[in-house]
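Working notes, beginning with the structure itself.
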Amino acid sequence: MQVQPYLMFDGRCEEALDFYAQALGAQTMVLMRFRDSPEPPSGECASAAPPGDKVMHAEFHIGETALMASDGDAGGRPMFQGISLALSSPSEAEARARFDALADGGAVVMPLAKTFFSPAFGMVNDRFGVSWMVVTDAG
């Protein structure tokens, strides 16, 4: 059994993939656009389908972790509530670089600082509203 995050960027998926490539070294492994679907939308879905250039499905990797993403219905208002992605960094310097990259255009929730459990821990919402916890291992 496996659980993978599937992020719905509501029309900003390709922008998010580019951002994570720059900020975190993410690699896009799969990208399928709505126009690439072997079955065009029909019925009620046909009138509500996003433009063909929008991302129907993507898989991207950050380090050893695979995540999936989509533009969803491309309404323009991505909402990520009640979940955070935890990003473990092997060093304080890397944690700072990743934290600062994620904060660019986003909002710092808790500045990166020493805690009782980590030499560097902080929380940030990136420019898409995805919540991240950046942590360096104590050992």
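One-based numbering along the sequence shown.
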Which residues share a side chain to side chain donor-acceptor pair (under 3.5 Å) with Asp10, sequence neighbours left out: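 Residues passing side chain to side chain donor-acceptor pair (under 3.5 Å) with Asp10: none at all.
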All side chain to side chain donor-acceptor pair (under 3.5 Å) counterparts of Asp18, not counting sequence neighbours: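 If we apply the side chain to side chain donor-acceptor pair (under 3.5 Å) test to Asp18, skipping adjacent residues, there are no hits.
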Residues that [X] engages under side chain to side chain contact (heavy atoms under 4.5 Å, CB included), provided they are two or more places apart:
X: Thr28; answer: Leu17, Leu31, Phe60
X: Met123; answer: Val109, Met110, Phe121, Met133
X: Ala66; answer: Gln4, Glu59, His61
X: Ser88; answer: Val135

4.5 Å side-chain heavy-atom contact, Leu87 and Phe99: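 No, side chains not in contact.
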Close side-chain approach of Leu24 to Trp132, heavy-atom, < 4.5 Å: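 Heavy-atom side-chain distance check passes, below 4.5 Å.
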Sequence neighbours excluded, every pair satisfying side-chain hydrogen bond (donor to acceptor under 3.5 Å, both in side chains) that has a member inside residues 107-121: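 Of all non-adjacent pairs touching residues 107-121, none passes side-chain hydrogen bond (donor to acceptor under 3.5 Å, both in side chains).
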Residues that, via side-chain heavy atoms closer than 4.5 angstrom, fall in one hydrophobic cluster with Met1: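 Result for Met1 is none, singleton.
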Hydrophobic cluster partners of Met68 (side-chain heavy atoms under 4.5 Å):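 Grouped by the 4.5 Å side-chain rule, Tyr6, Met8 form the rest of the cluster around Met68.
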Results of salt bridge (charged side-chain N to carboxylate O under 4.0 Å, His left out) for Asp53 - residues two or more places apart only: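 Asp53 satisfies salt bridge (charged side-chain N to carboxylate O under 4.0 Å, His left out) with no other residue.
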Quiz: residues 91-98 side-chain donor-acceptor pairs under 3.5 angstrom, not counting sequence neighbours:
| from | atom 1 | to | atom 2 | distance (Å) |
| --- | --- | --- | --- | --- |
| Ser91 | OG | Glu94 | N | 3.0 |
| Arg96 | NH1 | Asp100 | OD1 | 3.2 |
| Arg96 | NH2 | Leu112 | O | 3.4 |
| Arg98 | NH1 | Ala23 | O | 3.0 |

Going hydrophobic residue to hydrophobic residue with side-chain gaps under 4.5 angstrom, can you get from [X] over to [Y]?
X: Ile62; Y: Met29; value: no
X: Val108; Y: Phe19; value: yes
X: Phe34; Y: Val55; value: no

Sequence-distant partners of Phe9, ring-ring contact (aromatic ring centres under 6.0 Å, His included), two or more places apart: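 Counting only residues at least two positions away or on another chain, Phe9 forms a ring-ring contact (aromatic ring centres under 6.0 Å, His included) with Phe80, Phe128.
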Heavy-atom pair with the smallest gap, counting every atom of [X] and [Y]:
X: Asp71; Y: Cys13; answer: OD1-N, 2.7 Å
X: Thr136; Y: Pro119; answer: O-CD, 3.5 Å
X: Gly52; Y: Arg33; answer: O-CB, 3.5 Å

Derivation and outcome, side chain to side chain contact (heavy atoms under 4.5 Å, CB included), residues Leu85 and Leu7: CA-CA 11 Å; Leu85 300 178; Leu7 306 173; 4.2 Å; yes
Exceeds 12 heavy-atom contacts within 6.0 angstrom, atom CD of Gln27: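 No, not enclosed.
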Atom pair CG/NZ of Asp73 and Lys54 - distance to nearest 0.5 Å: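 Interatomic distance, Asp73 CG to Lys54 NZ, rounded to 0.5 Å: 11.5 Å.
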Step-by-step side chain to side chain contact (heavy atoms under 4.5 Å, CB included) determination, His57 to Val30: CA-CA 8 Å; His57 172 75; Val30 175; 4.1 Å; yes
